[in-house]
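Below, read A as the first sequence line, B as the second, and so on, with proteins coming before strands; counting in each chain starts at 1. Basis for what follows: all heavy atoms, side chains included, without hydrogens, waters or symmetry-related copies.
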There are 2 protein chains.
Amino acid sequence: MKQRSSIIGSVEALPHRVASHLSREIEGGDIIPGARLPTESQLADKFGVSRNVVREAIAQLRADGMIEARQGVGAFVMAPEQRTAIRIDREALKDQRNMEQLFELRSILETESATLAAARCTPDDLDAIKAALDRMGGEERWEDGSIEADLLFHRAIARATGNSYIYTFISFVCEQIRQSIHYARLTNPLHDLVEVNVAEHVRIYDALATHDPQAAGEAMRRHIDGAASRVGVELTAKINRGK
Amino acid sequence: MKQRSSIIGSVEALPHRVASHLSREIEGGDIIPGARLPTESQLADKFGVSRNVVREAIAQLRADGMIEARQGVGAFVMAPEQRTAIRIDREALKDQRNMEQLFELRSILETESATLAAARCTPDDLDAIKAALDRMGGEERWEDGSIEADLLFHRAIARATGNSYIYTFISFVCEQIRQSIHYARLTNPLHDLVEVNVAEHVRIYDALATHDPQAAGEAMRRHIDGAASRVGVELTAKINRGK
DNA sequence: CTTGCCTGAGTTGTAGGATGACCCTATGAT
DNA sequence: ATCATAGGGTCATCCTACAACTCAGGCAAG
């Protein structure tokens with residue numbers, strides 16, 4: 001293949017690199033919302049790639065709602081508030097401050113999730129939650145599998161709310177946190193003492209089983225806050241809690 | 001252009017249609033996680049489009065983390081829980097049940113948002129919130145602009161929490177609801193009585209200005225519940241509220 | 001038999017060019 | 001002044017060709 005000179009980094013596939021580059025330009029404010037992007041041909045020249053690659057990059061950005069393309073006119077960048085998708089940048093999660101914020105959001109969602117689940121969960125839901133709990137306390141203890149079981153536990157509760165959006169959002173947030181921790185462990189092997197506190201989970205389960213919304217919410221809140229501090233995140237300024 | 005026979009619907013652009021079709025097949029369980037997709041050529045034949053279109057479709061799905069492609073091997077579908085993005089299908093929001101769930105999620109997020117904002121907001125934050133409030137009560141009343149001002153109001157509060165994820169999630173949820181209402185109004189012109197209740201907003205603002213977290217949270221909760229019922233959504237089973 | 005290399009088929013990644021569909025504007029006729 | 005039309009610019013789609021990569025199977029040396 002003809003060797004082309006590229007102005008961007010390495011490793012990742014070309015469309016992804018172009019998309020990231022454009023994304024950064026937009027996030028950084030180099031291109032203001034409403035403005036038109038250069039034409040596909042111009043971008044292809046600029047990045048030293050084929051127009052096909054540019055189109056795939058734009059396809060990704062468009063899927064995020066970051067860009068809207070109008071045939072015969074051009075591609076325009078959208079205001080960040082009207083994105084049709086939520087994506088969390090993996091890089092951003094390496095920042096401890098972002099982890100704090102993510103845990104705070106998780107605390108909010110999960111607390112209410114437990115509260116709703118306590119009021120609405122069916123016997124089947126309880127079975128699923130119990131199953132995850134058993135996996136956690138079983139032989140998979142301290143293993144990687146226990147983290148999976150932990151995720152399963154929280155997802156099962158979210159499912160029991162009967163609200164698919166709550167389930168989606170919680171799954172998403174938890175997964176981001178999990179991957180972030182996983183990454184941190186790779187770079188710093190000492191980190192694998194993120195033990196799962198089984199007792200806390202049992203307390204949550206008991207509250208759910210007895211259909212006690214308030215107790216479930218409070219147990220969950222304590223659990224999330226504890227989990228946060230266990231990975232080095234302190235949820236500060238917890239007003240309005242324990243009201 | 002050569003006329004090709006397509007097995008899929010109409011209107012939207014080809015790559016988006018292909019992506020939606022594949023997405024539905026994956027969500028529906030026709031293709032289990034871990035399995036390999038047909039080759040790009042096969043998909044191109046199947047859908048009656050060029051391989052290029054298939055590639056753009058896959059680029060979208062890959063951006064969502066729904067699919068992972070490995071050069072020389074194939075494309076594989078990922079487990080739904082480890083998506084790197086959240087997207088809400090516009091079609092799904094036409095279902096009233098989904099709107100209920102979305103409003104329930106919004107109620108949770110916004111209530112806590114107001115609570116946190118009351119404790120953390122700076123004078124600058126209050127100014128921004130006040131500005132949105134003024135726009136609402138001003139001449140833009142009953143107009144489309146008042147809805148924009150309403151969004152501005154809620155986003156300003158979310159920003160005052162100092163938590164960028166809370167801001168992102170609330171912006172996202174609000175925008176989904178706004179667009180859904182906008183769409184409903186197009187199909188049913190009688191719907192434009194979604195008046196903005198200024199008094200409720202003032203009450204929220206006052207609570208924020210006096211840094212009263214509990215009052216802010218409660219005012220916001222009432223406001224969201226009221227807004228929900230105004231567009232025909234009843235938030236049922238509101239346990240754990242007013243505790 | 002085992003090991004290692006090599007080759008070839010299959011698949012995704014990229015390039016580049018051609019054409020259709022669409023939007024906007026300027027030009028010119030009415 | 002108004003409207004129809006032509007032209008150029010842009011995205012949408014298609015096509016073909018080739019590069020890069022993976023994997024499995026053949027094959028020869030040990």
Side chain of A:R70, base of D:dA12: donor and acceptor closer than 3.5 Å?
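Side chain to base: no pair below 3.5 Å.
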Side-chain-base donor-acceptor pair under 3.5 Å for A:N52 and C:dG16
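Flag set: donor-acceptor pair detected.
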Would you kindly say whether B:H16 and B:Q60 are connected by a side-chain donor-acceptor distance under 3.5 Å?
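No - no donor-acceptor pair under 3.5 Å links their side chains.
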With sequence neighbours left out, what residues match B:T39 under side-chain contact (heavy atoms from CB on, under 4.5 Å)?
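Result, side-chain contact (heavy atoms from CB on, under 4.5 Å) vs B:T39: B:R36, B:S41, B:Q42.
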Indicate the atoms forming the closest heavy-atom contact of [X] with [Y], along with that distance.
X      : Y      : value
A:A158 : A:I170 : CB-CD1, 4.0 Å
B:S229 : B:G226 : OG-O, 2.9 Å
A:L151 : A:C174 : CD2-CB, 3.5 Å

Euclidean distance, atom [atom1] of residue [X] to atom [atom2] of [N] [Å, nearest integer]:
X     : N      : atom1 : atom2 : result
B:L43 : D:dT13 : CG    : P     : 16 Å
A:H16 : C:dG13 : NE2   : P     : 13 Å
A:D45 : C:dG17 : CG    : P     : 11 Å
B:L61 : C:dT12 : CG    : C1'   : 16 Å
A:L14 : D:dA20 : CG    : C1'   : 12 Å
A:F76 : C:dC23 : CZ    : P     : 12 Å
B:F47 : D:dT13 : CZ    : P     : 14 Å
B:R55 : D:dC14 : CZ    : C1'   : 15 Å

Within the pair A:S50 and C:dT14, is there a side-chain N or O less than 4.0 Å away from OP1 or OP2?
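A:S50 to C:dT14 OP1/OP2: no side-chain N or O under 4.0 Å.
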When you measure from the side-chain N and O atoms of A:R62 to the phosphate of D:dA12, is any distance below 4.0 Å, counting only OP1 and OP2?
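Yes, such a contact exists.
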Picking from B:H201, B:R135, B:R178, B:R155, what satisfies side chain to side chain donor-acceptor pair (under 3.5 Å) with B:D150?
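Running side chain to side chain donor-acceptor pair (under 3.5 Å) over B:H201, B:R135, B:R178, B:R155 with B:D150 returns exactly one hit, B:H201.
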Distances for protein N or O near nucleotides 7-10 of chain C N or O, under 3.5 Å:
| residue | atom | partner | partner atom | Å |
| --- | --- | --- | --- | --- |
| C:dG10 | N2 | B:G72 | O | 3.2 |

Start at the 5' end of DNA chain C and walk down; is the nucleotide closest to A:R51 or to A:P15 reached first?
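So the residue in question is A:P15.
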In the structure I gave you, are the side-chain heavy atoms of A:I67 and A:F76 within less than 4.5 Å of one another anywhere?
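In short, these two side chains do not touch, never coming nearer than 4.5 Å.
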